[in-house]
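First the proteins, then the strands, lettered A, B, ... as listed; each starts at 1. Quick note: numbers below take in every heavy atom, side chains included, and nothing from hydrogens, waters or symmetry partners.
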There are 2 protein chains.
Amino acid sequence: MEFLREIPLFSELNQKQLEEIALISVVKRYSKNNIIFTPSQKGEYFFILKRGKVKVYKTSKGKEQIIRIFDKPTLFGEAASFTGKNFPAWAEAIEESEIVLIPRKGFIELMKRDPEIGMKFMSVMAQRLMYLTSVIESLSLKSALSKIASYILRKFEEGRDEVEFSTNIAAMELGLTKETVSRMLGKLKELGIIEKSRNKVKVKNPQALRELSS
Amino acid sequence: MEFLREIPLFSELNQKQLEEIALISVVKRYSKNNIIFTPSQKGEYFFILKRGKVKVYKTSKGKEQIIRIFDKPTLFGEAASFTGKNFPAWAEAIEESEIVLIPRKGFIELMKRDPEIGMKFMSVMAQRLMYLTSVIESLSLKSALSKIASYILRKFEEGRDEVEFSTNIAAMELGLTKETVSRMLGKLKELGIIEKSRNKVKVKNPQALRELSS
DNA sequence: CGCATAGTTGAGCTATTTCAACATCAGTGG
DNA sequence: CCACTGATGTTGAAATAGCTCAACTATGCG
């Protein structure tokens, strides 16, 4: 069950808790073109892709619209699994796949016995939510400079004044080019707001960053 | 306890469940400048702002950095409340405020008695996570056209072919100007991908939208 | 050392913004 | 019912921020 740790939601669980989950779960094998769930089915299981490839899609007027393709270990269809309501889409194995099924009811029982599991889940989700919210805030800023300011600020607020920084990755995440990121970093440095070395940025004046990311 | 419904996390709970929460919670009044929590405190309570205004801030080298100001009914500091670890920041009432405190332990007990509450929380969070993820995907696209395509597509996938659409709001959310949004909508219409009326957009060709939002 | 990867810098180009003028519509009060 | 107002959307032309392309530097790594 070690691969479960790769799934962010499970990352905080301890060995015993993972084992508890393993105890109530079943591994099922789907060959190519096998349907995993449909919109007429209720969320009675959590589905975790262990190995293989799955496509999630909707159908409208007979045509299928792919929503997403999963390959790495992932939990999918979780909104329905948590609510117990119908899945909003279809899921189909597009290659031979192994999927771990956790029964919703068993999961609820487990949460009853060990509510810490639920708390850990919620804690992971809450952190992620806050993180994503701040990402969205910076992405909807207009100027490249303010996007970058807010990007650095976010990292700064999470941890140290010294922030790991890759021009390329920042560019990708912000929807900018590496050239622009590089130039804007230069500007921030000129303004004395940051210092930069190879792959680190040191925040000198967070207040200024905050004003830039308005 | 009705105001709890305004908080997304609690929106799915039924009357009885809200009452259960009310039973274990305490309302506390903070006057201006009163500290609500500090980084040396562990998350032993959930804090819900019922009335008033609260600032959440960090201190580094004696200087305070405001992270966020809350005024409407909100749950704040939830990451720590879920984990039980230390709060990552300070919270202080900046005007006379009423705050609802839910003890973490009581909450865990409650989840044990009624695991559906936890499930409902997780379901709300899971939905929100998926939503935010798709927002981020569209925001990190480069061209205005693809951002808008993906914006419309997201709304389309959530519900009907007829999508509520406000040029102004879309512009805000996408970090574009209303003029650009208007022009791009015109283009999508020319291409026969959408039809638009005053405040609605009708998706004619979702596949084309999908390709544009690559 | 040599090669691949990451970052920097400049110059021209183009997508988007800005600004300004106009159009459309919903609601309001006369 | 009409005129008035404010909010919302549209269109054009000029200005500019950020992109592209290309050449270069710095840095790590086998």
Original post:
Could you walk me through whether A/F156 and A/Y151 pass the ring pair (Phe, Tyr, Trp, His ring centres under 6.0 Å) check?
Top reply: CA-CA 9 Å; A/F156 170 75; A/Y151 180 87; over 10 Å; no
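You'll find the ring centres of B/F46 and B/F76 outside the 6.0 Å limit.
Two residues, B/T177 and A/S166, neighbour DNA chain C, and the one matched to the more 5' nucleotide by heavy-atom proximity is A/S166. Map A/G175 and B/L185 each onto its nearest nucleotide of DNA chain D; the residue landing nearer the 5' end is B/L185. Residues A/A144 and A/N199 both approach DNA chain D. Their nearest nucleotides, taken by heavy-atom distance, put A/A144 toward the 5′ side.
In terms of heavy-atom proximity, A/M130 sits nearest to B/A79 at CE-CB, 3.5 Å.
The separation between B/E179 atom CD and D/dT8 atom P is 14 Å, rounded to whole Å. Atom pair B/F165:CZ and D/dT10:C1' shows a separation of 14 Å (rounding to whole Å applied). Atom P of nucleotide D/dC19 and atom CE of A/M172 are separated by 14 Å, given to the nearest angstrom. With rounding to whole Å, B/K178 atom NZ is found 13 Å from D/dT11 atom P. Rounded to an integer number of Å, the gap from CG of B/N168 to P of D/dG6 is 17 Å. Whole-Å rounding puts the B/K189 NZ to D/dT11 P distance at 8 Å.
Here the CD atom belonging to A/E157 is positioned 9.5 Å from the OG atom belonging to A/S150, to the nearest 0.5 angstrom. Summarising the geometry, atom CG belonging to B/L188 is positioned 6.5 Å from atom CG belonging to B/L212; distances are rounded to the nearest 0.5 Å.
Contacts of B/T180 with the nucleic acid, taken as non-hydrogen atoms under 4.0 Å apart, include base atoms. Nucleic acid contact for B/K147: none, since no nucleic acid atom lies under 4.0 Å from a heavy atom of the residue.
An OP1 or OP2 oxygen of D/dA17 is reached within less than 4.0 angstrom by no side-chain nitrogen or oxygen of A/K187.
In this structure, A/F10 and A/F121 have perpendicular ring planes: the angle between them is above 60°, well past the 30° mark. Aromatic ring orientation, B/Y57 versus B/W90: parallel (interplanar angle below 30°, classes split at 30° and 60°).
From one end of the helix from C/dC1-D/dG30 to C/dG30-D/dC1 to the other, with five pairs defining each end axis, the axis direction shifts by 40° (rounded to 10°).
With a cutoff of under 4.0 Å to any heavy atom of chain B, the contacted region of DNA chain C is bounded 5' to 3' by C/dT16 to C/dC25.
Under the 6.0 Å distance and 45° angle rule, B/R154 counts as a cation-pi partner of B/Y131.
A salt bridge is absent between A/E12 and A/K120: the closest approach of a Lys/Arg side-chain nitrogen to an acidic carboxylate oxygen does not fall below 4.0 angstrom.
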